[in-house]
Amino acid sequence: MRTRVPPLISNGKAVMFPLKTFRPHATSRGSSSWKSMLFRLIEDHQVDEANRLFARIPSPSIQLYTMMINGYSRINRVDQAFRLFDKMPARDTAAWNSMIKTALGIGELDLAWKLFDEMPEQNVISWTTMINGLSQFDQIDAAEDLFLRMPERDTAAWNAMISAYCDSGRVKDACRLFEKMPQPNVISWTALIGGHDQNGQSDRALWLFYQLWMSGMKLTPSTYACVLTACANASELGLGTQLHSNLVRRGYSSDSFVSTSLVNLYAKCKQIEDSIKVFNEKQERDVVSWTALVTGYGMNDMHDNALEEFNKMVAFGIQPNQSTFSSALNSCCGLEALDRGKKIHVTTVKLGLDLDVFVGNSLIVMYSKCGDIDDSLVLFNSMDRRNLVTWNTIIVGCAQNGYTSLALKIFDAMRELNVQPDSITYTGLLTACSHSKMLGRGRHIFHLLQHDSEVAMKLEHFVCMVDILGRCGQLEEAEELIQNMPMEPNTIIWLALLSACRMHANIEVARRTSKKVFEMEPDNSAAYVLLSNIYASAGRWNDVSQIRLMMRCRGIMKVPGSSWITLKETRHEFVCGDRSHPMAMEIYAKLDWLGVKLKELGYVYDTRFALHDVDDEQKEVALAHHSEKLAVAFGLISTVEGSTIRVIKNLRVCGDCHSAIKLISKLVGRRIVLRDSTRFHHFRDGLCSCGDCW
DNA sequence: ATAGGGTTAG
């Protein structure tokens with residue numbers, strides 16, 4: 001929205017008229033009663049009503065004009081604000097300041113500058129308003145320049161500059177200013193505490209709070225809200241609880257900001273019951289507090305409750321906003337609930353929020369985490385505004401769903417638009433290459449990353465590269481990379497190498513590698529399972545039984561494989577050889593039928609994978625009755641013919657199941673989406689999206 | 001109670 005510059009302003013200097021000429025009848029008493037009536041209406045957002053009253057005032061004072069202007073400005077009726085400003089017989093500095101603020105409110109920075117330059121006399125408030133506005137436009141250097149140039153500074157001006165520094169991440173500069181300012185007040189402290197917290201320095205924020213507390217300065221509700229948030233982020237439940245009882249004694253518990261901070265505090269500290277309690281005792285339930293609760297349920301893995309609460313909020317008549325949607329969609333991911341995610345998508349469209357960049361990003365994540373990468377891409381292509389998160393989200397989504405070349409293509413498009421990648425972008429790309437065993441492209445991306453001065457290399461990048469090298473059989477090079485990297489290796493990177501050893505049956509490297517894991521994490525079952533599988537594949541049964549003995553002695557249990565499918569919001573979970581499901585008879589009958597049909601297609605069980613399970617009793621039946629096969633069979637008999645089946649497995653999909661499900665997809669003419677612990681497999685027409693690089 | 005500074009969810 002562009003606002004025309006009003007004629008009086010572009011004319012240059014405004015003329016001040018003596019007030020008495022214009023309101024001869026106004027007495028101070030009369031004016032104060034007009035004022036209180038206007039004030040009440042404006043506070044109540046009844047601006048039209050206020051304007052009718054204003055029109056009846058014989059010669060309104062400058063103050064009354066300015067009140068009306070601010071009333072319009074607050075509800076974004078900017079044209080009317082400017083019209084009144086044009087009409088007023090004289091303007092004081094406050095009126096000009098109101099107009100600067102109005103211009104900034106609609107994003108008209110140029111207009112704000114114009115007003116600031118043309119007003120006859122700026123005061124400290126004019127300067128402070130501009131500093132604040134420049135900060136909102138990320139023009140921190142211009143704000144700093146104004147701050148240094150302003151003729152006099154009061155505490156509010158210092159505070160504005162401290163906040164501006166904090167908002168642009170320049171916490172050190174904020175501290176420097178705070179040290180230098182003559183009279184820091186509780187607002188200065190609150191700004192500095194909040195600034196540290198918001199820039200990831202919650203511990204330092206709490207240390208600052210301790211200083212404030214010792215100074216004996218009286219805390220305001222804002223300070224409590226701010227500090228409670230820092231407690232939440234630093235997981236300082238103890239301090240948070242003390243502050244809670246303290247603020248109750250001060251009578252601050254009904255403050256909306258404070259109570260929302262408490263809802264957040266308890267949710268983040270995994271005290272969801274207390275969080276619910278605070279929320280239920282809260283007088284007004286607004287979007288923010290309700291969103292805090294929805295998010296809180298999500299953080300406590302109570303996604304069903306989260307979505308229930310989201311629905312309650314909508315039914316209560318409170319309109320969700322970007323944040324609410326992003327939390328609700330996140331819970332859809334947690335439940336793999338594509339159907340409910342789609343319903344929420346419809347709601348975002350109704351509210352016109354689906355094109356919002358944050359909501360759009362959440363929708364992309366929801367679709368790709370629920371295995372519907374095609375709808376993710378449709379959404380990505382329809383977004384007219386994108387940020388780095390958008391690009392990262394779609395790249396990671398493609399990587400997890402086997403769309404490797406598309407991920408690389410999107411990266412090229414991103415670079416053509418000069419969007420600077422970050423460490424997540426590179427991780428996504430390397431993951432994509434690893435999933436498709438693209439050694440050359442992987443090396444290329446790794447090279448780009450090493451020479452990208454804007455991105456710091458992280459351990460996870462090396463994990464990805466080791467994974468690529470390992471999968472492509474370059475075990476020695478992978479081992480060398482681990483030994484020469486600039487940070488300490490963790491068990492994850494050794495396990496990546498170990499699993500490559502399994503793929504390429506390399507006992508020598510496996511021995512060295514597993515030794516590292518046993519030293520670092522003797523209780524990690526993955527290394528034992530992998531090593532024993534490597535020995536078993538080589539027929540070295542003595543070594544296998546030795547490892548099993550070791551596991552038994554150390555009391556290490558392997559994580560049992562399980563797969564599940566969600567139908568009509570109910571989760572049906574299966575483990576290998578499971579007969580506990582009410583429809584077990586039908587499921588096994590279907591599996592037998594599939595077995596016959598698959599044999600006709602020339603399928604033979606790949607017995608190498610019978611060794612996948614360490615436990616003896618599961619060995620024989622294992623292959624035919626693996627959990628993922630059970631879940632697929634259940635899906636086939638419980639859903640409409642032709643519809644897509646979506647299965648999730650907690651571990652990696654077994655190789656035999658992978659071949660079998662490919663054929664099943666062709667046999668029954670269905671798309672089957674299987675999400676395992678690392679990625680998605682889209683089976684269709686006898687093929688898998690992973691190109692068998694599982 | 002004419003204008004500026006701090007506060008809640010993601």
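Numbered from 1 within each chain, the chains take letters A, B, ... in sequence-line order.
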task: Nearest whole angstrom, please: distance from the C1' of B:dG10 to the CG of A:Asp356.
output: 11 Å
- prompt: Would a distance-only check, ignoring hydrogens and angles, find a side-chain to backbone donor-acceptor pair under 3.5 Å from A:Arg91 to A:Trp96?
  reply: no
task: Scan A:Thr223 against the nucleic acid and name what it touches under 4.0 Å (heavy atoms): base, sugar-phosphate only, or nothing.
output: base
message: Between P on B:dG5 and CG on A:Asn159, what's the gap in Å once rounded to a whole number?
response: 10 Å
- prompt: A:Asp154 near the nucleic acid: base, sugar-phosphate alone, or nothing, with a heavy-atom cut-off under 4.0 Å?
  reply: base
- request: For A:Asp255, report the nucleic acid contact type (base, sugar-phosphate, nothing); a contact means any heavy atom under 4.0 Å.
  value: nothing
- request: Give one of base, sugar-phosphate or nothing for A:Gln198, where a contact means two heavy atoms less than 4.0 Å apart.
  value: sugar-phosphate
field: A:Thr129 vs A:Ser126, side-chain hydrogen bond (donor to acceptor under 3.5 Å, both in side chains): CA-CA, chis, key distance, verdict
entry: CA-CA 5 Å; A:Thr129 307; A:Ser126 328; over 6 Å; no
Whole-Å distance separating the CG atom of A:Asp167 from the P atom of B:dG5: 12 Å
message: Please classify the nucleic acid contact of A:Ser362 as base, sugar-phosphate, or nothing, using heavy-atom distances under 4.0 Å.
response: nothing
message: Applying a 4.0 Å non-hydrogen cut-off, can you work out what A:Ala292 is touching in the nucleic acid: base, sugar-phosphate, or nothing?
response: sugar-phosphate
Interatomic distance at P, B:dA1 relative to B:dG5, whole Å: 15 Å
field: Rounded distance (Å) that lies between atom C1' of B:dT8 and atom OH of A:Tyr252
entry: 17 Å
- prompt: Over how many whole Å does the gap from A:Tyr266 atom OH to B:dA9 atom P extend?
  reply: 15 Å
- prompt: So, does the side chain of A:Asp92 form a donor-acceptor pair with the base of B:dT2 at under 3.5 Å?
  reply: yes
side-chain contact (heavy atoms from CB on, under 4.5 Å), paired with A:Asn123, selected from A:Thr128, A:Thr93, A:Asp92: A:Thr93
message: Heavy atoms only, 4.0 Å cut-off, all strands: where does A:Ser289 land among base, sugar-phosphate and nothing?
response: nothing
- prompt: Expressed in whole Å, how much space separates the C1' atoms belonging to B:dT8 and B:dG4?
  reply: 22 Å
task: Indicate, with a heavy-atom threshold strictly under 4.0 Å, whether A:Thr324 touches base, sugar-phosphate, or nothing.
output: nothing
- line: When rounded to whole Å, the CG to P distance for the pair A:Leu192 and B:dT7 reads 11 Å
query: So, A:Ser235 versus A:Lys270: side-chain donor-acceptor pair below 3.5 Å or not?
result: no
- prompt: Just checking A:Lys268: base, sugar-phosphate only, or nothing, at a heavy-atom cut-off of under 4.0 Å?
  reply: sugar-phosphate
Nucleotide B:dG10, atom C1' - distance to CG of A:Asn387 in whole Å: 13 Å
message: Regarding A:Asn132 and A:Ser135, do their side chains bring together a donor and an acceptor under 3.5 Å, going by distance alone?
response: no
